[in-house]
Amino acid sequence: MSTHHVHPQSYYSLTRGIKELDIQGPFVPSELLLTGDHAFPLAMNSKGQVLMAASLYGRGRIVVLGHEGYLTTFPALVENALTWLRGDGSDNLSVGVHKDIKGVADNLSKCSFQATVVGAFSENREVGVYVTDAYSIGADVKDLVAFLKAGGGVLIGGQAWSWAQQHPKENANLHFPGNKVSAVAGIYFTVHRGEVEILPVHPQIPSSWMALRVGKDFADDLEVLLRGVSRFDISKVICASEALVHGPLAFPIGTTEDGRVFLAGTYYGKGRVIVVTHELFFFEKELASFWNNAISWLDQGRKGLVGVKPKQHLLRESGLKYEETELRKDLSVFVCTAYSDDRVEEIQDFVAEGGGLLIGGHAWHWAQTHPGQNTMTEHSGNKILNKMGLSVLPATISESSFKVHVPTEGKNDTEHFLSLLRLFAGHVAQGEKLEEEHLKEHLRKLGVDCTNYLRMMAHDSCSYTNVLSILTGILKSNMPQVSEKNPVNTPEDHLLLRLGRAVYNVSQDPDALLPFLIKPLMPTVGHQRIMINANTAGEKTWISTGLYLFPGMKTEMIIPANMVNKSWMILIGCQTDYLDAEELKRAPYVHEQFLVTSEKMQVWNLWGGLIYLLAPPNTKVEGEEVIVQMAVPAPYYKSGVTTAAHWSFLRKSPSPWAELEFDNIILSVPSDVVRDLESLDEVEQLWNKIMRAIADLSAIPHRFPRKERIVADVQISHGFVHTGHPVMMNSSGAPQLVKTAVVGTKHMWGVMYGLGHSQLKSCWQFPPHTSECLGDLWSAYVHEVVLGINMEEAHPNLTFESRKSRTEEYVNGGKELSDWKGWVALETYVQLQYKFGWDAFKKVFAAYHEMTDFPSDNNGKMNLYAVTFSQTVGMDLSAFFKAWGWPIETATEEKLYNLDTWMDHPMVDYEMTLT
């Protein structure tokens with residue numbers, strides 16, 4: 001059932017007419033712990049302790065007070081509660097009141113409710129609401145839960161701290177009588193005493209960072225689960241998912257050395273859950289002892305039947321009683337994988353009413369095969385687990401040995417989301433000191449955890465909205481305004497920048513939040529029509545719209561029906577690099593993607609950005625029209641389309657990003673570098689020459705199947721330039737991209753390297769040796785052929801002295817192939833170029849285009865390259881390659897025996913000199 005907006009309306013109904021609750025009297029209440037989606041607080045003290053709460057279960061409702069004395073102390077609250085509990089539209093005014101709290105019935109004698117005092121619920125099951133203390137439930141537990149689930153109302157008052165003193169070895173969450181009913185709805189009486197004070201009744205559901213707390217010491221649970229287990233040793237590497245532990249009764253069991261969770265447990269209602277983030281763990285014999293412990297813990301001593309779907313072979317080794325079956329009510333424990341959402345509510349109710357659930361599965365494969373979809377809300381396992389306080393993430397874990405989780409007494413559990421968030425919130429709110437040791441790692445983890453948690457989009461969950469409210473408040477007071485002139489370099493500011501985007505994207509009032517996150521906002525213009533043509537091969541393709549969204553702007557896009565649900569995406573922002581640096585000049589993550597799932601899409605990006613459509617591989621679309629309702633035209637030049645008059649207007653656009661699209665390349669640069677360019681003719685001619693040269697050396701047609709892209713950003717993930725699609729470069733080099741008078745300076749070498757790297761083929765690469773050098777061939781070629789700059793002058797590492805020194809060092813070091821990499825490896829190709837020229841490389845690459853069967857190992861590929869180059873130039877080069885330490889085989893030499901040997905190759909001189 002949908003609970004959207006139910007909680008605020010319910011809270012108003014329950015507290016109507018009440019200004020404050022004075023609980024300073026003789027009663028010492030229990031703190032209440034809330035879990036799941038439906039529980040919400042009614043009264044919270046200044047320490048963040050919940051002392052009164054309400055919830056939903058099935059079709060019914062429940063109100064829980066932290067002391068039975070409150071049932072008679074606050075008659076107005078009780079009357080509001082009874083009205084709410086009987087449900088909307090119900091005309092059943094009968095109320096059953098347990099005899100031990102007869103005073104409630106006395107207070108109701110003057111109102112419209114018809115109260116009947118009973119010795120047990122079973123004496124009158126036709127009531128609309130049943131009122132009891134938390135100690136007198138007895139044999140009525142099963143009937144009361146069924147009554148609640150079917151639509152009845154239950155009002156319970158009591159405290160568990162004195163019961164805990166009398167039952168020191170019992171688990172109050174499961175065995176305290178009141179919890180046997182209230183827990184199914186996500187409200188637990190805890191053993192902690194609540195501090196008493198006058199509680200103001202706020203107009204909204206109370207919220208506090210101090211309410212963020214882990215609700216139990218799990219040492220006793222871990223003692224049972226880890227009996228006889230010291231490590232989780234896996235015989236083969238399994239690529240598991242990471243788990244997020246976020247519920248107050250959830251806890252890690254198995255973690256990696258750096259604290260990532262792969263095995264976790266939780267209490268949910270009256271039941272228990274264990275999740276392992278790959279189902280193959282079920283088949284590991286080395287884990288048999290743990291699975292025995294786990295099933296026993298989940299079974300809670302009932303020694304009941306274990307149901308398994310599908311077959312999980314761990315049970316065959318355990319000797320446990322089990323049956324391969326679908327979920328049934330008579331099971332004690334149910335074992336399943338996380339890949340089906342057929343019976344989500346049934347599984348949740350099964351656990352809430354006391355069952356045990358063991359579930360295994362990962363989310364990384366689902367995320368890879370469902371791009372643009374929300375793993376937290378759409379993955380089958382998370383549909384089951386989220387409200388239980390656990391989630392399975394796309395992030396992977398591939399280690400083969402894991403430690404067991406041992407909490408450190410007296411210290412916060414930094415592997416638990418709530419503990420980390422409380423630490424940071426306390427630091428912000430009250431200046432509580434954060435421990436310096438591992439501070440960066442902990443805040444980094446909190447940023448990742450918050451981002452994943454917020455993606456649950458659980459706005460109907462009070463615990464979720466409490467977290468969202470806390471994070472929103474933190475951002476409103478502390479959001480750094482990052483820029484090139486105002487970089488941030490503290491772990492706290494890094495976290496806040498990450499949170500800004502995550503909170504904004506899920507905020508229910510983002511417009512109100514926006515002024516606290518970014519300044520200033522810019523004007524908008526509307527209604528732009530974009531013609532879409534795409535003919536993609538095997539790669540996703542960016543399609544520029546020439547439009548820009550300012551930070552925080554939202555727009556609607558009208559998409560043709562034949563592009564909906566076909567894996568098309570909308571991208572806002574060309575800066576797709578994720579930053580992980582000590583000093584940030586922009587937020588770490590500044591682009592947004594939206595999967596096209598309807599003909600009308602609302603899109604936005606907190607940080608703004610150019611608008612793109614991402615065409616999926618193997619897609620053909622011609623002449624389709626996309627309408628963008630509100631956006632700003634960017635300085636966007638498209639070869640053959642943009643006129644001189646139009647460019648004169650566009651280059652003055654207030655968009656901070658510009659884009660120049662030529663025949664085979666698209667340049668995304670800060671607009672400042674193009675505003676004074678009245679004509680782009682020379683720039684276009686130069687880039688067309690450059691791209692033709694790149695195609696010539698690659699021996700491919702001049703028209704690229706997908707245009708290359710370069711993005712010049714204020715800060716990139718590593719280096720001054722790095723490869724990819726797009727090639728990323730630092731914006732300080734952007735003028736060199738568009739001003740022909742300065743082309744050929746040092747900034748162009750890396751750019752050409754990036755473009756060349758895109759031309760590399762695995763059949764003639766030998767990783768890791770050539771991973772960082774082969775792209776430089778295209779740099780050298782473009783500089784010599786297009787820019788007229790000899791390679792020795794184009795890069796300091798290619799001067800004669802530098803090359804000679806490196807080669808001598810390599811030869812003197814024994815010509816170890818492990819040292820043949822980077823600039824050393826490039827020297828091999830430079831020597832070939834000096835001898836045979838660029839045409840030889842073109843012919844070699846052309847020869848590879850004609851081949852279909854390639855070796856997969858480096859030795860085989862290197863021998864094939866030696867044969868191919870030798871045959872191309874008509875000379876046996878095997879001695880040359882052997883002189884470089886290549887593993888040239890006898891069979892290769894035999895293939896080349898009829899060719900003249902290159903006797904005077906450059907390496908001969910080095911070897912003679914060193915001998």
Side-chain angles (χ1 to χ4, degrees), residues 367-368 370-375 394-395 447-448 451 455 482-484 494 497-498 500-502 504-505 534 536 539-551 553 557 567-581 584-596 601 603-617 631 634 636 655-661 665-671 706-734 737 750-751 753-755 757-758:
Q368 289 175 0
H370 295 77
Q373 297 188 41
N374 187 341
T375 307
V448 174
T451 300
R455 285 181 181 143
V482 63
S483 68
E484 186 173 14
H494 282 218
L497 284 176
R498 182 165 195 145
R501 172 180 175 269
Y504 177 78
N505 282 347
T536 65
E539 296 178 298
K540 180 171 62 178
T541 300
W542 296 24
I543 299 174
S544 301
T545 66
L547 300 176
Y548 176 82
L549 284 183
F550 277 104
M553 277 181 63
M557 296 178 65
S567 298
W568 282 78
M569 302 186 78
I570 299 166
L571 169 68
I572 313 295
C574 59
Q575 307 144 277
T576 54
D577 254 7
Y578 172 75
L579 302 184
D580 182 17
L584 294 176
K585 298 178 181 179
R586 65 159 172 84
Y589 195 98
V590 290
H591 72 279
E592 295 288 351
Q593 288 190 158
F594 302 84
L595 185 66
V596 176
M601 296 285 298
V603 297
W604 65 90
N605 183 356
L606 172 63
W607 307 110
L610 294 168
I611 304 174
Y612 302 90
L613 283 151
L614 304 187
Y636 174 50
S655 162
W657 280 94
E659 204 153 76
L660 310 179
E661 181 170 351
I665 194 165
I666 304 168
L667 311 177
S668 303
V669 297
S671 294
R706 179 179 70 171
K707 294 185 180 184
E708 294 293 341
R709 285 184 172 270
I710 299 174
V711 174
D713 194 6
V714 66
Q715 188 174 9
I716 62 176
S717 58
H718 56 277
F720 187 85
V721 177
H722 72 73
T723 60
H725 187 83
V727 172
M728 299 295 301
M729 69 175 295
N730 192 282
S731 56
S732 63
L737 298 180
V751 172
Y753 168 86
L755 295 174
H757 195 274
S758 299

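Residues take their numbers from the sequence shown, with the count starting at 1.
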Please check if the side chain of [X] supplies one atom and the backbone of [Y] the other of a donor-acceptor pair under 3.5 Å.
X: Ser671; Y: Ser655; answer: yes
X: Asn730; Y: Phe720; answer: no
X: Thr375; Y: Pro394; answer: no
X: Gln593; Y: Leu571; answer: no

A side-chain contact here means heavy atoms from C-beta on lying under 4.5 Å apart; do [X] and [Y] qualify?
X: Glu708; Y: Ile666; answer: no
X: Tyr636; Y: Ser668; answer: no
X: Trp542; Y: Leu614; answer: yes
X: Gln715; Y: Leu579; answer: yes
X: Phe594; Y: Ile572; answer: yes
X: Met569; Y: Val596; answer: no
X: Ser731; Y: Val669; answer: no
X: Thr723; Y: Tyr753; answer: yes

I need the minimum non-hydrogen distance between [X] and [Y], along with the two atoms involved.
X: Ala615; Y: Ile543; result: CB-CD1, 4.1 Å
X: Leu595; Y: Gly372; result: CB-O, 3.8 Å
X: Val751; Y: Met729; result: CG2-SD, 3.7 Å
X: Ala634; Y: Leu610; result: CB-CD2, 3.7 Å
X: Arg586; Y: Leu497; result: O-CD1, 4.2 Å
X: Arg709; Y: Ser544; result: NH2-OG, 2.8 Å

If we count only N and O atoms by modelled type, under 3.5 Å, do the side chains of [X] and [Y] hold a donor and an acceptor together?
X: His718; Y: Asp580; value: no
X: Tyr548; Y: Glu659; value: no
X: Ser758; Y: His725; value: no

_Just to verify, what does Arg455 make a salt bridge (charged side-chain N to carboxylate O under 4.0 Å, His left out) with, not counting sequence neighbours?_
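Once residues adjacent in sequence are excluded, Arg455 has no partner under the salt bridge (charged side-chain N to carboxylate O under 4.0 Å, His left out) criterion.
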_Lys540 atom NZ, neighbour heavy-atom count above 12 within 6.0 Å_ =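 Open.
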*asked:* salt bridge (charged side-chain N to carboxylate O under 4.0 Å, His left out), that's the test. Do Arg501 and Glu592 meet it? Break it down for me.
replied: CA-CA 10 Å; Arg501 172 180 175 269; Glu592 295 288 351; 2.7 Å; yes
*Anything under 30° is parallel, anything over 60° is perpendicular, the rest tilted; go ahead and classify Tyr578 against Tyr589.*
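Ring orientation of Tyr578 relative to Tyr589: tilted.
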_Under the side-chain hydrogen bond (donor to acceptor under 3.5 Å, both in side chains) test, residues paired with Thr541 that sit two or more places apart_ =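 Checked Thr541 against side-chain hydrogen bond (donor to acceptor under 3.5 Å, both in side chains); zero matches.
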*For a side chain to side chain contact (heavy atoms under 4.5 Å, CB included) with Ile665, tell me which candidate from Leu660, Ile710, Leu737 qualifies.*
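Single side chain to side chain contact (heavy atoms under 4.5 Å, CB included) partner of Ile665 among Leu660, Ile710, Leu737: Ile710.
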